[in-house]
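Have a look at the structure below before the remarks.
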Amino acid sequence: MKEAFLATEYLLQMESISKEYYGNRVLKNVSLGIKPGEIHALVGENGAGKSTLMNILFGMPVIHSTGGFEGKVRIDGKDVSLKTPDEALNAGIGMVHQEFMLIPSFSITENIKIAREITTPTIASRLFRNKALEKLNMKAMAQDATAALENVGLGIEEYVRIEGLPIGYQQFIEIAREIDKTGIKLLVFDEPTAVLTESEAEQLMNVMRKIAERGISIIFITHRLEEVMHVADTITVLRDGGLVGVRSKSETTVRELAALMIGREFAERIDGDDERGLSDARIALKLRDYTVEMAGETVRGVNLDVREGEIFGIGGLAGQGKIGIPNGIMGLYPAGGQVEVFGKPLDVSKFGEALRNNIAFVSEDRRGVGLLLSQSIKMNIAFNALQTQDRFLKKFGPFTIQDSAEITRHANQMIEKLDIRCTGADQPVGSLSGGNQQKVCLARALTIRPKLLFVSEPTRGIDIGAKKLVLDELVRLNREEGITIIMVSSELLELQSICDRIGIITDGKINAILPPDADPVDFGLAMSGEKILAEEN
């Protein structure tokens, strides 16, 4: 690979790239070579290092404000040091962002030509020798915009405003803006089909081929392996910050790519119990055509049965809808469809209804949603039970006050039970470590005495020792206290280590339900959107 990179046939060469964030090595000696006019797919799970590698290529400030990176970047065989996005653009590198960078109140023409407006001199601009006083040449700009729209196959008038346009149209306008820029040699497409319909995705891949035929190279970042095989010339696979494979399309298959993405590692079961005979247990949670309107995590019609006494895992890549499932049930985002808990309908339109029905939730956003950071440990633990169950209260005639002694007693019990490392129940939660904050979230959830417990990304941002303690406690709660647990996580190995079944969600729907010891390739295929033989609910 390294010898090949020395050849002048490569437009872009990234050699032996390594990057560390605060002691965490997120890229480990990664090399990437892109030829002129090549469509090169960059694939890997969330956290594999794709975004960091592209941030280095674009000279993003986050890279240089955290100590820079190791390795070399070459364009057309010459070493470059790109320290800002403007420098990357001047070097001929453009990007079609996953999150649109369009201005809704502007027209299509204004968005395509923004920062590159065509102007004509005026008497005032000549008199004062000030280019800012020149007049916009809207006719010339409209001609450029029309040509760019034609290049992406979008049949729409250039004077239309962005506001109100369908998402698919906006994606193509983003692409039109990039290819209108002069001197573009390389375009990065970051999950461009995530918001497109099937026909729009097909149109986009046709556009990518036309762009490549003009000699412009493309880096195609996606998790959809069928699309990779449909349009890419070469595929680079990253896993855990390292380069695990480079394949030409003719030399590989979807299954091999999935295996490279996921790896062949099997998780060790925490309790050693793979089969617990829960198939005849009653249904704890029933979802039918369940939807959630959560930006970036939309749920589009999930059908699912979770059995009583089960630890059910929900996995998948970021942005596919797994986070939306518990947030909708807890009433944090608008949800619809049929939801039943232990046979009883749950009105998800009412905030707090889930808590009143003994459904607890440990949020993925413990600092934004899960905790009152300035408050004490004991008040955080008691909060939900106080609000929804009138616990920890005592009456004096017509007056009701908090039972401080009982709150403190219960908090001390939970501190001991969950091994929360602190100076005492009065310590502010904001001063605790991440792992101990997570345990406080769990303590608060358990205080409402739930029959059903949602835990979302329970080990995110905590050290390996704290992760083990949290996972051990979830297993104990399930086995000893009979709590049905639904665990949402981006960490497949963690799901495999404690879950009885794992549902993989893609495009807002359950794509497959697999046993924890299923072939890792099947998990990779399911995450990439491939239909595989899955369990029926």
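We're numbering straight along the sequence, starting at 1.
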ask   = Checking salt bridge (Lys or Arg N to Asp or Glu O under 4.0 Å) for the pair Glu9/Lys35: CA distance, chi angles, key distance, verdict?
value = CA-CA 6 Å; Glu9 63 176 315; Lys35 297 177 181 178; 3.6 Å; yes
query = Can you tell me how far the CG atom of Leu82 sits from the CD1 atom of Ile56, to the nearest 0.5 Å?
reply =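 Atom-to-atom, Leu82:CG and Ile56:CD1 are 11.0 Å apart.
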query = From Leu53 CG over to Phe58 CZ, what is the distance, rounded to the nearest 0.5 angstrom?
reply =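 It comes to 11.0 Å.
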Do the side chain of [X] and the main chain of [Y] share a donor and acceptor less than 3.5 angstrom apart?
X      : Y      : result
Asn303 : Asp289 : yes
Tyr10  : Arg74  : no
Ser18  : Asn29  : yes
Thr66  : Val62  : yes
Glu70  : Ile17  : no
Thr222 : Thr193 : no
His64  : Thr84  : no
Glu297 : Lys322 : yes
Gln320 : Asp507 : yes
Arg209 : Val231 : no

NZ/NE/NH1/NH2 to OD/OE distance under 4.0 Å, Glu213 and Lys210 =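 Salt bridge flag = no for Lys210 with Glu213.
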ask   = Take atom NZ in Lys181; do more than 12 heavy atoms of anything else shown fall under 6.0 Å from it?
value = yes
Other residues, nucleotides, ligands: >12 heavy atoms within 6.0 Å of Glu117 CD =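 Correct, the count exceeds 12.
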remark   = Across all chains, not counting sequence neighbours, the salt bridge (Lys or Arg N to Asp or Glu O under 4.0 Å) partners of Lys135 are none
key: Test salt bridge (Lys or Arg N to Asp or Glu O under 4.0 Å) applied to Glu87 - qualifying residues, sequence neighbours left out   =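 Scan of Glu87 (salt bridge (Lys or Arg N to Asp or Glu O under 4.0 Å), adjacent residues dropped) gives none.
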key: Candidate pair Leu495 and Met487, rule side chain to side chain contact (heavy atoms under 4.5 Å, CB included), full reasoning   = CA-CA 8 Å; Leu495 292 173; Met487 175 176 164; 4.0 Å; yes
ask   = Can you name the side-chain hydrogen bond (donor to acceptor under 3.5 Å, both in side chains) partners of Gln203, sequence neighbours left out?
value = none
Contacts of Thr234 that satisfy side-chain hydrogen bond (donor to acceptor under 3.5 Å, both in side chains) - sequence neighbours left out =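 Thr234 satisfies side-chain hydrogen bond (donor to acceptor under 3.5 Å, both in side chains) with Glu38 once adjacent residues are dropped.
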Validation row: [X], [Y] side chains within 4.5 angstrom (heavy atoms):
X      : Y      : result
Arg255 : Asp522 : yes
Val73  : Leu12  : yes
Val339 : Tyr290 : yes
Leu346 : Ile359 : yes
Ile156 : Phe172 : no

Check whether the side chains of [X] and [Y] place a donor and an acceptor atom closer than 3.5 Å, and report yes or no.
X      : Y      : value
Thr119 : Asn137 : no
Ser107 : Glu110 : yes
Glu226 : Ser528 : no
His40  : Ser217 : no

task = List the steps, then state whether side chain to side chain contact (heavy atoms under 4.5 Å, CB included) holds for Ile235 with Leu225.
result = CA-CA 10 Å; Ile235 304 104; Leu225 298 182; over 6 Å; no
key: salt bridge (Lys or Arg N to Asp or Glu O under 4.0 Å) contacts touching residues 142-164 (sequence neighbours left out)   = Lys113-Asp144
request  = Decide yes or no on side chain to side chain contact (heavy atoms under 4.5 Å, CB included) for Glu174 and Gln170, but give the supporting numbers first.
outcome  = CA-CA 6 Å; Glu174 283 266 8; Gln170 294 186 44; 5.8 Å; no
key: side chain to side chain contact (heavy atoms under 4.5 Å, CB included) between Val30 and Met14, intermediate numbers included   = CA-CA 8 Å; Val30 171; Met14 300 183 77; over 6 Å; no
Distance-only donor-acceptor pairs under 3.5 Å for side chains of residues 182-189, two or more places apart:
| from | atom 1 | to | atom 2 | distance (Å) |
| --- | --- | --- | --- | --- |
| Lys185 | NZ | Asp76 | OD2 | 2.8 |

task = Could you give me the CA-CA distance, side-chain angles and deciding distance for Lys350 and Glu353, then say whether salt bridge (Lys or Arg N to Asp or Glu O under 4.0 Å) is met?
result = CA-CA 6 Å; Lys350 294 181 180 179; Glu353 193 70 5; 5.3 Å; no
